[in-house]
Amino acid sequence: SIIKLIKKYKESKTNKIIIITGIILIALVWNSANISREYKFFRIKQIEKEAKIEFDKYNFETAKILYEKAQKISDEPIFDAWKDKKNFLDKQISIMTMEILSKEFVIKKEYEEKKQEAFEFFNKDEYFKAVNILEHLLKYLNQDFSVSLNYYKLKINLDLASNYLHLVDYTNSKKYINEAFRFLKDILPEDNDYYYLNFSTNYSYGLLLFEEGKYRDSLSYYLKAKEFIEGVKAENIEAYLKLMNDISNCYAKISDFDSAEKMSIQAEDYILSFPNGVQDFSTSYQNILATRALFFSQIGEDKKSIDIVNKFFKLFPENTGIILDVFSVQVKNIKNPQMDKLYETTLLNYLNKLIKKSGNVNTMEIARLNNALGNLYVIYGDEEVESKAKSIGFYYEAEKYFLKSYEIRGNILNKENPDYAIGLNNMGLVYQKLEKYSLAEEYFRKAIIIREKLGDNDYSYSQALHNLAFVLAPQKK
């Protein structure tokens, strides 16, 4: 454009000025292009230097991104003559790709070996050993900030959260679940495990909230987990059934028994839709039946509860341990002395086995077993009509087991947890049987303080008020 102007006005009086101005402008444009090119040369070298630093730190993914950035600059037309540099950058990108694949292979191998080792400890209830292995593995992976490793970090965080939950360490469990949610953002819908990992993370948090007694919050995360697993439940049947049973249990805890029954039946129907469903998914089926029988017994639907208990023993005569809590409530209604004795033997054997397995570390399962034995001895005391001394002896035996259960709950749980209220309530019940009404009142009142926080519509709250009334009457209060 400048040259055209010079030609047009070369005959005019101002032609010298125009020509000089044109030359200056051309020089400026040319110089600007050279400065731009020199700057880009400098920028490429700077990026190469940064990439080399990352390479030396084994951050191959970051190094690859930097080399690709330099390659993009070198692809501009002004670098057409710089073929050697382009070839060099192409070679470096290839090297980085190979290093990433090689490193991921090594990490995956290390991950699989350590995870299996931790899983074996988990199955033996040796949670501290499992935690130690997983935390060392996570520390090793956290030295690398590659996005491709976030998949493994997410899964390790979920495993750690699960182990800490079994150790009733809710603080650490929550910490690792929150970390898992952070890494979940890097898992895209097109990734193979997208739906399952979203299910697992939401389910883990729901489980933690349930153990903390925050049933409504827990339910919201369970339902989110259900949305994610619905599309892949055919490949994750056991996980789906466990979730459905937990949702049913959660609905029961907030006194929505219609929804609880609906979810439970839906899970059972899914099992029965398979030709060998009862055998193939026997553990899940047992838990589903036990949960439904228990909440029916809690709301006074004894016939429905007994029908499920009888169905359970017909289908799974060798697995009475799973329906412990339900059976301890229903033994009295079934009125079968032989079954009473079988149940007592099963409970005691299972309890001793569990105590030995846990290395004398008290767990909620041990608390529940002690509770179930307490219930059984209360029933024995109620059924003993010939000798009052014998009846009282059974109640004192029940007190021993209830007290153990209460103490374990007190050491493990937050004092506002509804499961802690169960321990208080059972202590009140056994003192009521022993006619120690002032002691019973003390425990019932403490249970009511916890129960009333769940709301006036909560069934357990009305039950607690009912129990209190029974011990106030003999005291003329």
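The closest donor-acceptor contact from the side chain of S264 to the backbone of A260 lies at 3.5 Å or more, if one exists at all.
Taking all atoms of both residues into account, the shortest heavy-atom contact from C250 to L219 is SG-N, 3.8 Å. Across I288 and I271, no two heavy atoms sit closer than the pair CD1-CD1, 3.7 Å. Here the shortest heavy-atom pairing between A367 and S405 reads O-OG, 2.8 Å. When every heavy atom of A421 is checked against every heavy atom of A447, the shortest pair comes out as O-CB, 3.9 Å. Contact detail for Y431 and E399: the closest heavy-atom pair is OH-OE2, 2.8 Å. Closest of all the heavy-atom pairs between A161 and S173 is O-OG, 2.9 Å.
Scored by the salt bridge (Lys or Arg N to Asp or Glu O under 4.0 Å) test, K415 finds no partners at all (sequence neighbours excluded). Considering only residues two or more places apart in sequence or on other chains, N198 meets the side chain to side chain donor-acceptor pair (under 3.5 Å) condition with none of them. Listed by chain and residue number, S284 satisfy the side chain to side chain donor-acceptor pair (under 3.5 Å) test with E238 (two or more places apart in sequence, or in another chain). By the salt bridge (Lys or Arg N to Asp or Glu O under 4.0 Å) test, E179 is found to be paired with R182, residues two or more places apart in sequence or in another chain being considered. Residues forming a salt bridge (Lys or Arg N to Asp or Glu O under 4.0 Å) with K175 (at least two apart in sequence, or on another chain): none. Residues passing the side chain to side chain contact (heavy atoms under 4.5 Å, CB included) test with S220: none are found, sequence neighbours excluded. Scanning for side chain to side chain donor-acceptor pair (under 3.5 Å) contacts around K400 gives E397, with sequence neighbours left out. By the side chain to side chain donor-acceptor pair (under 3.5 Å) test, N236 is found to be paired with no residue, residues two or more places apart in sequence or in another chain being considered. Applying the salt bridge (Lys or Arg N to Asp or Glu O under 4.0 Å) criterion to E407, with sequence neighbours excluded, gives no partner residue.
To the nearest 0.5 Å, the span separating OH on Y195 from CG on L197 amounts to 12.5 Å. The CD1 atom of I254 sits 7.0 Å away from the OH atom of Y251 when rounded to the nearest 0.5 Å. Note that the CD atom of E442 and the CG atom of L424 stand 9.5 Å from one another [nearest 0.5 Å]. Atom CZ of F281 sits about 11.0 Å away from atom CG of L272, to the nearest 0.5 Å. Interatomic distance, I408 CD1 to L413 CG, rounded to the nearest 0.5 Å: 10.5 Å. If you take CG on N467 and CD1 on I448, they are separated by 8.0 Å, rounding to the nearest 0.5 Å.
Contact check for E117 versus E113: no side-chain heavy atoms found under the 4.5 Å cut-off. Contact annotation: the side chain of I237 approaches that of F274 to within less than 4.5 Å [non-hydrogen atoms, C-beta and beyond]. When side chains are defined from C-beta on, L138 counts as touching K153, because their heavy atoms get closer than 4.5 Å. In this structure, the side chains of L160 and V131 come closer than 4.5 Å at one or more pairs of heavy atoms. Counting heavy atoms from C-beta outward, F444 and M427 have side chains that stay 4.5 Å or more apart. Contact annotation: the side chain of Y176 never approaches that of L158 to less than 4.5 Å [non-hydrogen atoms, C-beta and beyond]. Taking the side chain as every heavy atom from C-beta outward, N245 and I247 never approach each other to under 4.5 Å.
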Before giving the answer on side-chain contact (heavy atoms from CB on, under 4.5 Å), spell out for Y170 and Y164 the whole-Å C-alpha distance, their side-chain angles and the decisive distance to 0.1 Å.
CA-CA 7 Å; Y170 299 147; Y164 273 116; over 6 Å; no
Could you walk me through whether Y395 and Y377 satisfy the ring-ring contact (aromatic ring centres under 6.0 Å, His included) test, starting with their C-alpha distance in whole Å, then the side-chain angles of each, then the deciding distance to 0.1 Å, before giving a yes or no?
CA-CA 6 Å; Y395 292 143; Y377 285 111; over 10 Å; no
Could you walk me through whether Y270 and Y240 pass ring-ring contact (aromatic ring centres under 6.0 Å, His included), step by step?
CA-CA 10 Å; Y270 188 64; Y240 171 74; 5.2 Å; yes
Is there a side-chain contact (heavy atoms from CB on, under 4.5 Å) between K129 and I133 once you walk through the steps?
CA-CA 6 Å; K129 290 182 180 178; I133 290 167; 5.5 Å; no
Using the salt bridge (charged side-chain N to carboxylate O under 4.0 Å, His left out) rule, take D246 and K242 through it: C-alpha gap first, then chi angles, then the decisive distance, then the call.
CA-CA 6 Å; D246 286 342; K242 189 173 188 315; 3.4 Å; yes
Apply side-chain contact (heavy atoms from CB on, under 4.5 Å) to the pair Y151 and D186, showing each step before the final yes or no.
CA-CA 8 Å; Y151 169 83; D186 295 319; over 6 Å; no
What verdict does the side-chain contact (heavy atoms from CB on, under 4.5 Å) test give for N132 and F121, after you've listed the backbone C-alpha separation in whole Å, the side-chain angles of each residue and the deciding distance to 0.1 Å?
CA-CA 10 Å; N132 189 45; F121 282 123; over 6 Å; no
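Heavy-atom contacts from other residues, nucleotides or ligands closer than 6.0 Å to CZ of F119 number 12 or fewer. The number of heavy atoms from other shown groups lying within 6.0 Å of CD (E416) does not exceed 12.
Remark: aromatic rings of F257 and F296 are distant, center separation not under 6.0 Å.
The closest side-chain donor-acceptor pair between Y285 and Q279, if any, does not fall under 3.5 angstrom. For the 3.5 Å distance criterion, the side chains of T291 and N249 fail to qualify, holding no donor opposite an acceptor.
Each of F402, Y401, Y443, Y406 was compared with N426 under the side-chain contact (heavy atoms from CB on, under 4.5 Å) criterion, and only F402 meets it. Among the candidates L184, N178, N157, the single residue satisfying the side-chain contact (heavy atoms from CB on, under 4.5 Å) test with T201 is L184.
The salt bridge (charged side-chain N to carboxylate O under 4.0 Å, His left out) pairs that include a residue from residues 283-293 are E268-R292, where partners are two or more places apart or lie in different chains. Residue pairs meeting the salt bridge (charged side-chain N to carboxylate O under 4.0 Å, His left out) criterion with at least one member in residues 154-174, sequence neighbours excluded, are K115-D159, K174-E212.
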Just list the side-chain donor-acceptor pairs under 3.5 Å for residues 221-232, sequence neighbours left out, or say none.
from, atom 1, to, atom 2, distance (Å)
K226, NZ, E230, OE2, 2.9
E230, OE1, K233, NZ, 3.4

